[in-house]
**Student:** 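This is the structure I want to talk about, given as structure tokens.
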Amino acid sequence: MKRVLICGLLLSGLLSPYAAQAAGKTVSICQGGPFVSRNNQIQEFCQTFNITSEQASEPISVKFTNGDGTRKFAWMRAFINAGTVTGAPALLGRKLINEYSFRSGDVVLVDLSGLIRGAGPYTIAIQGAGVAGASCNFAVSSQDTASASTGGAPATALRIDSVEPDEIPAGGTITLHGSGFSDQKSKNTVTIYNRPCTVNKATTTELQVATPSGLAVHSYTVDVTVNGVKSNTQKFVVTGTPELSSSSMLGFVPGSQIELTGNNFSKIASKNIVTVEVLDVKKTASVSSATKNSLMITVPDFPELGERLNGGINTPGTVTVEVAGVKCSGGLSIILSLHPMVR
């Protein structure tokens, strides 16, 4: 299938002066397009605009619109590149939208704040296919275009600052730290590898998210969409299934330090939940340090079993570990005792 390439140059302040909008104090940086499909072949468009140093320090977003109310592209992708770029290389930049972005509507807002790294020219490239006459356009603005459209005060910029932990087993729970989230769980659409995720807890600065259980061992990106505005992306790694293989001592003495060994533990101590169960009594052991293959724990007290232990009766039990919400395969047999016992 043929591809048609159309490129344009738009330097803000030269061909399109900044236009301050009263609602939300949004400042228009540039208008891209409209780009119109000549036929039903794959079309490629690119347009360059300029960012001042003052604008580079402010929240910047881009609004993509597919169609003019009747004719629109069947699918679209968009990319951003630093500098003045023409031709197909413009499609090798950072992807902003993909084929699935317009499933819920004809307008998509993307936060560019983390992608604009200083003053200078930037190029947005669009690739898509649709019937002849299909049109699309984009608008780059400083401040929050979503709040400007409602006439309200600018909302806090939507972005993800970090993912905790940054390594988890498939199906594990991650916490997104950032800003601009909704405190209503249903208002946050979290996507990993184009797959929607369940939001278990939500505040305006943190989202607790359950990741899909079928993800292969690999590096992935996560993003959040709130009220049609899409955040930046952050990376995290899916590891293999966590495993608990052995402990440094067979006899667990309450209050003693024990090392557990295995694989794919979380490097964040608090993300490893260690449970010691003896005679149907379950206690959580504190984890003082953690690596991928080792956990240092403190054996919890069992006052309920004090009479039995003081009577010298060594009591069998089990130890289990849960990593970021995913249970380790199998359990470890131990002896609760008042005296250390080497394996």
Side-chain angles (χ1 to χ4, degrees), residues 24 26 58-66 76-80 94-117 138 140-150 152-168 170-215 218-238 268 271 324-325:
T26 297
E58 298 174 344
I60 296 177
S61 60
V62 57
K63 179 174 72 173
F64 293 96
T65 302
N66 184 14
M76 287 170 54
R77 304 186 188 103
F79 307 79
I80 188 168
R94 182 71 174 266
K95 185 179 288 187
L96 301 176
I97 61 173
N98 59 32
E99 298 89 334
Y100 309 102
S101 298
F102 291 98
R103 283 185 170 180
S104 59
D106 296 337
V107 177
V108 175
L109 281 158
V110 182
D111 181 16
L112 295 180
S113 302
L115 303 178
I116 301 298
R117 301 190 178 277
F138 69 82
V140 180
S141 304
S142 62
Q143 299 301 322
D144 192 334
T145 55
S147 63
S149 66
T150 62
T156 303
L158 173 63
R159 65 177 295 101
I160 305 172
D161 293 323
S162 63
V163 179
E164 181 187 8
D166 58 3
E167 293 186 2
I168 62 162
T173 299
I174 55 176
T175 300
L176 308 182
H177 300 277
S179 60
F181 305 144
S182 172
D183 56 8
Q184 300 180 50
K185 295 187 293 184
S186 61
K187 299 294 185 181
N188 302 281
T189 301
V190 180
T191 304
I192 297 173
Y193 197 54
N194 292 328
R195 296 174 61 177
C197 303
T198 300
V199 178
N200 294 327
K201 294 182 181 179
T203 71
T204 57
T205 57
E206 288 187 3
L207 297 179
Q208 190 180 92
V209 179
T211 64
S213 58
L215 294 177
H218 202 269
S219 174
Y220 294 90
T221 58
V222 58
D223 58 64
V224 182
T225 300
V226 180
N227 295 327
V229 180
K230 188 174 182 179
S231 73
N232 60 314
T233 62
Q234 288 286 355
K235 289 185 178 181
F236 70 99
V237 174
V238 170
I268 300 175
K271 298 300 180 180

**Student:** Specify the closest pair of heavy atoms between Leu96 and Lys230, including all atoms of both residues, with the distance to one decimal.
**Tutor:** O-NZ, 4.1 Å

**Student:** If you compare all heavy atoms of Val163 against all heavy atoms of Phe236, which two are closest, and at what distance to 0.1 Å?
**Tutor:** CG1-CB, 4.0 Å

**Student:** Are any non-hydrogen side-chain atoms of Ile80 and Leu112 less than 4.5 angstrom apart?
**Tutor:** yes

**Student:** Distance-only, no hydrogens or angles: does the Ser182 side chain make a donor-acceptor pair with backbone N or O of Lys187 under 3.5 Å?
**Tutor:** no

**Student:** Under the side-chain hydrogen bond (donor to acceptor under 3.5 Å, both in side chains) rule, what do Thr233 and Arg159 come out as? Steps first, then yes or no, please.
**Tutor:** CA-CA 8 Å; Thr233 62; Arg159 65 177 295 101; over 6 Å; no

**Student:** A side-chain contact here means heavy atoms from C-beta on lying under 4.5 Å apart; do Ile192 and Leu215 qualify?
**Tutor:** yes

**Student:** Atom OG in Ser162, atom NE2 in His177: separation rounded to 0.5 Å?
**Tutor:** 5.0 Å

**Student:** Tell me whether the count of non-hydrogen atoms from other residues, nucleotides or ligands lying under 6.0 Å of OH in Tyr220 goes above 12.
**Tutor:** yes

**Student:** Under the 3.5 angstrom rule, does the side chain of Ser179 hit a backbone N or O of Ala157 as a donor-acceptor pair?
**Tutor:** yes

**Student:** Using the side-chain contact (heavy atoms from CB on, under 4.5 Å) criterion, which residues pair with Asp166? Sequence neighbours excluded.
**Tutor:** Lys267

**Student:** A side-chain contact here means heavy atoms from C-beta on lying under 4.5 Å apart; do Pro212 and Cys197 qualify?
**Tutor:** yes

**Student:** Can you check whether Ser61's main-chain N or O pairs, donor with acceptor, with Asp111's side chain at less than 3.5 Å?
**Tutor:** no

**Student:** Keeping Thr211 on the side-chain end and Gly172 on the backbone end, is there a donor-acceptor pair under 3.5 Å?
**Tutor:** yes

**Student:** Is the shortest heavy-atom distance from the side chain of Val238 to the side chain of His218 under 4.5 Å?
**Tutor:** no

**Student:** Does the side chain of Thr175 reach to within under 4.5 Å of the side chain of Leu207, using non-hydrogen atoms?
**Tutor:** no

**Student:** What I'd like to find out is whether the side chain of Glu164 reaches to under 4.5 Å of the side chain of Ile174, using heavy atoms alone.
**Tutor:** no

**Student:** How long is the gap from CG on Asp161 to CD on Gln234, to the nearest 0.5 Å?
**Tutor:** 7.0 Å

**Student:** Can Val107 and Phe102 be said to form a side chain to side chain contact (heavy atoms under 4.5 Å, CB included), step by step?
**Tutor:** CA-CA 7 Å; Val107 177; Phe102 291 98; 5.9 Å; no

**Student:** According to the interplanar angle, ranging from 0 to 90°, do the rings of Phe138 and Phe64 count as parallel (below 30°), tilted (30 to 60°) or perpendicular (above 60°)?
**Tutor:** tilted

**Student:** Should Thr189 and Val224 count as side-chain neighbours, where that means a heavy-atom distance under 4.5 Å?
**Tutor:** no

**Student:** Is there a donor-acceptor pair under 3.5 Å between the side chain of Asn232 and the backbone N or O of Ile160?
**Tutor:** yes

**Student:** Given side chains that start at C-beta, do those of Thr191 and Val222 come closer than 4.5 Å, heavy atoms only?
**Tutor:** no

**Student:** Only distances under 3.5 Å count here; give the side-chain donor-acceptor pairs of residues 198-205 to other protein atoms, sequence neighbours excluded, each with its distance to 0.1 Å.
**Tutor:**
{"from": "Thr203", "atom 1": "OG1", "to": "Thr205", "atom 2": "N", "distance (Å)": "3.2"}
{"from": "Thr203", "atom 1": "OG1", "to": "Glu206", "atom 2": "N", "distance (Å)": "2.9"}
{"from": "Thr203", "atom 1": "OG1", "to": "Glu206", "atom 2": "O", "distance (Å)": "3.4"}

**Student:** Could you check whether any side-chain N or O of Asn188 sits under 3.5 Å from a backbone N or O of Gln184, counting only pairs where one atom can act as donor and the other as acceptor?
**Tutor:** yes

**Student:** Just how far is it from atom OH of Tyr100 to atom CE of Met76, taken to the nearest 0.5 Å?
**Tutor:** 15.5 Å

